[in-house]
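Every heavy atom of this structure was used, including side-chain atoms; hydrogens, water molecules and symmetry mates were not.
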Amino acid sequence: MNEQDPLSQQALTLALARRLDALVDFDGLLSGHPTAGDDTSNEAVLVRARALAVALPGRLAEVSYGTGGGGRWLRYAGDVEFPKAWLHHPNFHLVK
C-alpha cells in the first residue's frame, strides 16, 4: 500500500472499520465548503453540516466537546456505512 495514495488510505480506513466494527472519527464537521476553523457559533455552518449528515446513509453521531478555552466544538463519528457514502459524495475532499 502506498501511504501517500488517498485511495489506499480510504480503503484501509473502511476495511479496519468493517473488520473491527468500529466508528470512524471525522475529527470535525463535515461539509463541502469548510470555513476557517468551522466556527460552530456560526449557525449557517452547523445547518450545512447537519443537512449533509442526514442526507447520507449510515449512522452518524454529532459529538460536542470543550475546547479548553471555555468554548465548544463539534466533531462527527460514524459507522462504516456513512464513510462509504461520504467518500463518494461530490463534496468530499481529503485534507492533506
Run Val80 and Leu14 through side-chain contact (heavy atoms from CB on, under 4.5 Å) and show every step you take. CA-CA 6 Å; Val80 72; Leu14 291 176; 4.0 Å; yes

Value rounded to 0.5 Å, distance of CZ in Phe82 from CG in Leu60: 4.5 Å

Begin with the C-alpha distance, continue with both residues' side-chain angles, and end with the deciding distance and a verdict on salt bridge (Lys or Arg N to Asp or Glu O under 4.0 Å) for Glu62 and Arg50. CA-CA 9 Å; Glu62 185 177 281; Arg50 288 173 175 155; 2.7 Å; yes

Look up atom CG in Leu74 and atom CG in Leu46, then write down how far apart they are to the nearest 0.5 Å. 6.0 Å

Atom pair OG1/CZ of Thr13 and Arg18 - distance to nearest 0.5 Å: 11.0 Å

Compute both the distance and the angle, then confirm whether Arg75 meets the cation-pi test with Phe26: under 6.0 Å from the six-membered ring centre, within 45 degrees of the axis. no

Indicate the atoms forming the closest heavy-atom contact of Leu29 with Ala49, along with that distance. CB-CB, 4.2 Å

Heavy atoms only: give me the nearest Leu52-His89 pair and the separation to one decimal. CD1-NE2, 3.4 Å

Tell me, yes or no, whether the heavy-atom count around Arg59 atom CZ, taken from other residues, nucleotides or ligands under 6.0 Å, exceeds 12. no

Is there a path of hydrophobic side-chain contacts, each under 4.5 Å between heavy atoms, that joins Leu87 and Leu23? no

Here the gap from Asp27 atom CG to Tyr76 atom OH, rounded to the nearest 0.5 Å, amounts to 14.0 Å

